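Working notes, structure below.
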There are 2 protein chains.
Amino acid sequence: MGRWEPGASSRLREAALALYLERGFEQTMVADIAERAGVTARTFFRHFADKREVFFDASAEVEEKSLAALEAAPATAPPLDAVAAALCAAAEVIGDNRDLARMRQTVIMANASLRERELIKLTSMSVAVADGLRRRGVDEAEAGLAAETGVAVFRVAFERWVNAAEDRALGDVIHETLAQLRTLTAAT
Amino acid sequence: MGRWEPGASSRLREAALALYLERGFEQTMVADIAERAGVTARTFFRHFADKREVFFDASAEVEEKSLAALEAAPATAPPLDAVAAALCAAAEVIGDNRDLARMRQTVIMANASLRERELIKLTSMSVAVADGLRRRGVDEAEAGLAAETGVAVFRVAFERWVNAAEDRALGDVIHETLAQLRTLTAAT
DNA sequence: AGAGTGATGTCATCAAGTGACATCACCGTA
DNA sequence: TACGGTGATGTCACTTGATGACATCACTCT
């Protein structure tokens, strides 16, 4: 199966992260990443759809685990609780190495097009979660709203967790943020 | 002030919308848009930062009106109600010609990079609203959550409004969606 | 009339991304 | 062992988005 040196896509991922950290996303050319990984620019585009995607292909795995957790949630759980379970599953994948997450976040926040790509990944997650909710029998209209709200909570929680002074579990921050949302919406 | 034919950016906007509708975003080249507008491709990039931005420069105005409404909301209003006021102000700008909104949405949904751009505009709105809330004295942590939640509500409401069979006011749909969110979060 | 100004055109160039085709290492099989 | 198939890679050519540098034109103000 492997020809040349195996593991080209891993090397490309590592090279990209290193170079994006060193000189920034825009200052890094695909040819540079490829060269550091020992391949050609053409090969880069065979592994990743574009220059941004090399940063985001873990998101598929995150989405899968979230959906699995959503399926696993008790059928009696209210929609937002099921969504919370899905988000916490995502948190387990992301949340164990905060330093890596912070490096990634630094690079992403420094560049608009990387932010755009991250947003569309979150939206993709939202769509998937909404579908999962509908499969659980949640009302069509409610599903979309619950999913979007959940992803909003996730986004806020992730930001708090990444920038926090203390070292907390991402799942805890998610639950705390959701509780705060419940307080917010209760206020009239 | 005007040389040649005045109103180049308006012509470019119209040309872009027409061509994106005709053949799609990717099949339309900047040179085509510029030609139809009677200018050069180089001039296109003097009016718009990139090929997508020609579709989104109304968003600055929407953001301004939203912020104004946020400032105008009674100081005693709870955060989410103030955000709702801001969203309804945005709705007034967008919500009066649903046909145009639907055409725009058709084009945007057909192309991933346009979706990305729309998402970052909504995020920009969220950040602005969060800042506005903080200026009103809302707690630092609450502000971000309320803004993100509000934008989530807006997104869901907009989608419902655009795809609805009947012709309803976007502001009404927003309030209805927010009420539904209150029900969702109340469930345990 | 002439200087100044701002929007535009022209030209050159870079970098992202893609299609077509050749090539090389490995694998199974006759 | 020799041979053909297969999949990942390299090479080359090309299109398109985007930008910098400089010239140009029309209009304004003095």
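Order of the sequence lines sets the chain letters (A, B, ...), proteins ahead of strands, with each chain counted from 1. As the structure is a computational prediction, the values presented were derived from the model and not from experiment.
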Relative to the ring of A/Trp161, is the ring of A/Phe158 parallel (under 30°), tilted (30 to 60°) or perpendicular (over 60°)? tilted
Could you give the CE-to-P distance, from A/Met29 to C/dA16, as a whole number of Å? 7 Å
Could you check how far CG of B/Asn111 sits from P of D/dG17, rounded to whole Å? 12 Å
Could you tell me whether A/Ala8 contacts a base, only the sugar-phosphate backbone, or nothing, with contacts defined as non-hydrogen atoms closer than 4.0 Å? sugar-phosphate
Should the pair B/Glu118-B/Arg155 be classified as a salt bridge under the 4.0 Å nitrogen-to-oxygen rule? no
Rounded to whole Å, CD of B/Gln27 lies from P of C/dT18 at a distance of 13 Å
Give the rounded distance in Å between these two atoms: CZ of B/Arg11 and P of C/dA7. 14 Å
Which residues within residues 42-58 of chain B lie with some heavy atom under 4.0 Å of an atom in DNA chain D? B/Arg42, B/Phe45, B/Arg46, B/Ala49, B/Asp50, B/Lys51
Send over the distance from B/Glu35 CD to C/dT8 P, rounded to a whole Å. 17 Å
Would you call B/Arg135 and B/Glu71 a salt bridge, using N to O less than 4.0 angstrom? yes
Reckon B/Ser113 touches a base, only the sugar-phosphate, or nothing at all at heavy-atom distances under 4.0 Å? nothing
To the nearest Å, give me how far apart CZ (B/Arg117) and P (D/dG17) are. 14 Å
With a non-hydrogen cut-off below 4.0 angstrom, is B/Ser9 in contact with a base, only sugar-phosphate, or nothing? nothing
Is B/Glu22 salt-bridged to B/Arg36, going by a charged N under 4.0 Å from an acidic O? yes
4.5 Å side-chain heavy-atom contact, A/Val83 and A/Phe154: no
Gap separating the OG1 atom of A/Thr188 from the CG atom of B/Asp81, nearest 0.5 angstrom: 7.5 Å
